[in-house]
Amino acid sequence: MSLDLPYLKTLNDRQKEAVLYTEGPLIVLAGAGSGKTKMLTSRMAYLMDFKKIPSYNILAVTFTNKAAGEMKERVERSLNHSNAFYSLPEIGTFHSVCVRILRREMERLPFTKPFVIYDDSDQLSLVKSIFSRLQIEEKSVSPKGIQASINRLKCDAVEPDEVEVQAHNLFRKKLIEVYKEYQKDLIANNALDFGEIICMVYRLLRDHPDIRAKYQSRYQYIHVDEYQDTNRSQYLLLSMLADPRNGGHKNICVVGDEDQSIYKWRGADIRNILDFESDYPGSYVVKLEQNYRSTKNIITAASHLIKNNTSRKDKTLWTDNEAGALLIHSQVLDERVEAETVVADIKKVASEDGRAYSDFAIFYRTNAQSRQFEDVLRREKIPYQILGGLRFYDRKEIKDILSYFKVLLNPSDSVSLKRIINVPARGIGKTTVERLDVIYGEAGGSKSFFEVIEMAGNDPSLTSAGTAKKLRQFVSLIHKFQDEQPRRLLSELYHMILDETGYVRDLKQEGTEESLARVENLEEFDSLLQEFEEDQLEKLSEEEARSKRPDLLSIFIEQTSLASDIDGLDANASTVKLMTLHSSKGLEFPVVFMVGMEEGLFPSTKPWEESPEEDLEEERRLCYVGMTRARELLFLMNANVRRIWGQVAYQEPSRFLSEIPLELVESRKASLSHSSQFKLGSSKVFIQQETVRPSYSSGLVGKNFNHPEYGYGRVLASEGMGEDQKITVEFSGKKQRKFLMRYVSEFISQ
DNA sequence: TTTAGCTCAATTTTT
DNA sequence: TTGAGCTAAA
């Protein structure tokens, strides 16, 4: 095909094939760094510019706002080459697209007001209040466990009455009981959780043929990014739009890589990608196997690693890029030295190669590992940015103020109400809230929680006179804010809430380092709010601005509810980036450090998990994702000793290290015989390293152990090599004991 | 109602 | 080790 279109010129043959195949189901198996975003954006440009498909009929769903933003930008850029004017297709996350549908179809939904979105902690509060209402002991089943199970069921689009009941299973029974109540409460609170956003749209389309037809004809060309990470409910939702059996047009293009599926534990169903061809008969398959990102050495290493997985499609990543440097593996004494070594390496590479700090990223398996790196980076005055951990909008003070906002919009939101009813302290304590909860439960949904508060404030038989007065004061405070809201700027409203409640004053009075940090966060929130408002008002004409102002608050609340902090990542900021391997997906950096490559930590092992094989494969995919983020240099590290929860553990190198061909790795093993030269707190460690060939003992950690004297146990850690190899074994009652391998090897079960 | 001190648990977390 | 959440005392 020789179409001379600007956005096709830079594509390779496979990419072009995927772009031009616009009618019918298409699955693109896109390896890491193979230009799938480029393919997708070119495809949309081609649909609009050449096929003359209105942007209105094109949909693209991604998993992060960041990916959506990037995609919009690149579609726009592709279209700029042509002279015609185009509006952009609908590009968004599953959640934002679904929220828009729900807002549009409001009259078909059980909500009385615009809904709010509950995050994890809101959800947990709701579950806990249901526990107390149903008088379920938190000791018998944990609210967190129930919450997780509810979410899992929602991922699988299972409704309460579809949950299988086994008479003897107490947890399952309680789960159904709470789940039912939880669903009722969501509606009563005008609230939705993340899972429900998807499920509700799915049910809406499933149960209303007219709405389904409407969206089928609207979204005629559907694109799904990261298809390997879709869950059951997302799959069903897509089938409502695209599957011919439901009347769909089957123009669905899914892009994914089963080797990068790392969210199984969160409900992602790898079968969605593995079974696409049978789900959509006659689908066309395109493989993008050429990697444009990394050096040959990195690609070869990653390919060797991932070959150890069994459940994958046949796909071989290759690259035309040069061989590049060898991967560098360092084995270090402990997590402190690990951080010292990484930072020393960063400084060295930065100055020798003239690289900016923004070229570097450090990936770890768990957020808890970030501290060591922070400490050393701060001391060395190297600017850094941490992703993950606590989201800005999850901070206590920000959640508090957002709860005020939410209550103004939606007084039915009992979770937010309970959060702020005594924040700052105004003498409405636990006892009072519990009493209100009882009244609320007795009203059986006929009154919102806010109405219950109002009622209790005016009925002397319900509470003491003092409490009633405090309740009335609270109610009139909220009413006052509600009255002011329509004619105030968001930032004015915000300051009003802070002033009237004395929130900041109290924090300042407290005067601790922590409380002052909270004040700073609130100031940052203020500027965020102003920025948002300016942005929004710019988009509206003056007249609209006046009439639409009340909506700004709901738009803001919605955006913050659906924001993640990877969205805020400024790749250009001259900082070293720290993040978990999970959050690294979709990003790339010239220099990558993967740290803590130790058995038990990475791969993380949980011996009681039901399918250790599958879990291990997911860990391996995670490793693959991490490695393929690196463009030029890839450092791998493991420590011999690590303090985990205050306990010293002897760590064995990760099996993943031994799955990388030796000839691709330069190994710098810290010479343990000179361990006295390791000066903690200095950065001289790097010099103390000699180049040796790595030698790994095979994975013993996690193996079962049966000692004639001590009985059954499990291998916790292993240290040393050959004659000196020692293992730590945990017996029942958390008792630990060390053995020399050469004496006990026969007691390890294979 | 508040708060100080204690116990207990503890991956990953696109939205 | 850290932190969240709960109990006991002010």
Side-chain angles (χ1 to χ4, degrees), chain A residues 61-68 92-99 117-121 123-125 128 138-139 142-145 148 151 154-155 192-198 225-226 228-231 233-234 260-268 335 363-369 371-372 387-391 393-394 396 422 424-434 464 466-467 470 510 514 558-567 569 579-587 596 600-606 609 615 618-619 621-623 625-626 642-649:
Chain A
V61 278
T62 63
F63 275 83
T64 62
N65 295 307
K66 186 169 186 282
T93 61
F94 267 103
H95 294 267
S96 67
V97 170
C98 286
V99 163
I117 297 164
Y118 280 173
D119 67 14
D120 233 44
S121 61
Q123 217 188 356
L124 188 60
S125 315
K128 281 186 177 170
E138 294 201 2
K139 281 158 208 151
S142 82
K144 270 192 180 163
N151 283 337
K154 289 194 175 195
C155 287
L192 282 173
D193 60 47
F194 290 130
E196 198 60 30
I197 291 172
I198 312 290
D225 196 12
E226 309 279 18
Q228 76 282 354
D229 285 330
T230 50
N231 60 33
S233 67
Q234 289 161 336
Q260 293 187 65
S261 162
I262 54 175
Y263 285 104
K264 187 195 97 182
W265 51 275
R266 226 182 135 142
E335 74 275 14
F363 301 159
Y364 32 76
R365 180 64 239 267
T366 67
N367 279 311
Q369 287 167 261
R371 275 219 29 204
Q372 305 297 331
L387 280 145
L390 198 57
R391 237 167 43 112
Y393 294 116
D394 285 339
K396 186 187 172 301
N422 200 31
R426 49 173 76 87
I428 306 173
K430 212 171 81 183
T431 332
T432 311
V433 173
E434 264 166 25
S464 71
T467 307
K470 287 170 191 159
E510 209 179 301
E514 195 193 330
E558 183 175 310
Q559 271 192 15
T560 54
S561 303
L562 294 177
S564 85
D565 74 5
I566 200 106
D567 303 335
L569 177 72
M579 67 193 81
T580 61
L581 285 151
H582 281 91
S583 10
S584 77
K585 197 174 80 171
L587 305 174
L601 182 60
F602 187 39
S604 159
T605 46
K606 240 190 180 183
E609 207 70 73
D615 289 346
E618 178 139 323
E619 294 285 314
R621 291 193 289 269
L622 192 53
C623 187
V625 166
R642 181 177 298 272
R643 267 161 288 263
I644 297 172
W645 302 329
Q647 292 261 304
V648 173

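Across all strands shown, A/F94 has no heavy atoms under 4.0 Å from either base or sugar-phosphate atoms.
Of the candidates B/dT1, B/dT14, B/dT13, B/dT14 carries the atom nearest the A/K585 side chain, counting heavy atoms from C-beta on. Side-chain proximity of A/T366 to B/dT14, B/dT11, B/dT1: nearest is B/dT11. Side-chain atoms of A/K128 lie closest to C/dG5 of the nucleotides B/dT11, C/dG5, B/dT14.
Put simply, the side chain of A/N422 reaches to within 4.5 Å of the side chain of A/R426, judged on heavy atoms.
At B/dT13, one or more side-chain N or O atoms of A/N367 fall inside 4.0 Å of OP1 or OP2 (strictly under the cut-off). One finds a side-chain N or O of A/N422 lying less than 4.0 angstrom from the OP1 or OP2 phosphate oxygen of B/dT2. Taking only side-chain nitrogens and oxygens, A/T62 never comes nearer than 4.0 Å to OP1 or OP2 of B/dT14. OP1 or OP2 of B/dT14 has not a single side-chain nitrogen or oxygen of A/S583 nearer than 4.0 Å. For the pair A/R426 and B/dT1, the criterion of a side-chain N or O lying under 4.0 Å from OP1 or OP2 is not met.
No hydrogens or angles considered: a donor-acceptor pair under 3.5 Å links the side chains of A/Q369 and A/T366.
Electrostatic pairing of A/E335 and A/R371 does not count as a salt bridge here, judged by no charged N lying under 4.0 Å from a carboxylate O.
With rounding to the nearest 0.5 Å, the separation of OG1 in A/T93 from CG in A/D225 is 12.0 Å.
Between A/L581 and A/T432, the one whose closest nucleotide on DNA chain B sits nearer the 5' end is A/T432. For the pair A/A268 and A/E619, both in contact range of DNA chain B, the more 5′-proximal nearest nucleotide belongs to A/E619.
Atom CD of A/Q647 is separated from atom C1' of B/dA9 by 14 Å (rounded to the nearest Å). The separation between A/H582 atom NE2 and B/dT12 atom P is 9 Å, rounded to whole Å. The CZ atom of A/R643 sits 15 Å away from the C1' atom of C/dT2 (whole-angstrom rounding). Atom pair A/I644:CD1 and B/dA9:P shows a separation of 19 Å (rounding to whole Å applied). Per the geometry, CH2 belonging to A/W645 stands 13 Å off C1' belonging to C/dG3, to the nearest Å. Residue A/K264 contributes atom NZ, which lies 17 Å from atom P of B/dT13 at whole-angstrom precision. Atom CG in A/L622 sits roughly 15 Å away from atom P in B/dT11 (whole-Å rounding). As rounded to whole Å, 14 Å separates atom P of B/dT14 from atom CG of A/N151.
In summary, of the residues considered (A/F363, A/Y364, A/W265), a ring pair (Phe, Tyr, Trp, His ring centres under 6.0 Å) with A/H582 occurs for A/W265 alone.
Remark: ring of A/W265 overlaps the six-membered base ring of B/dT12 in a stacked fashion, centroids less than 5.5 Å apart, planes less than 30° apart.
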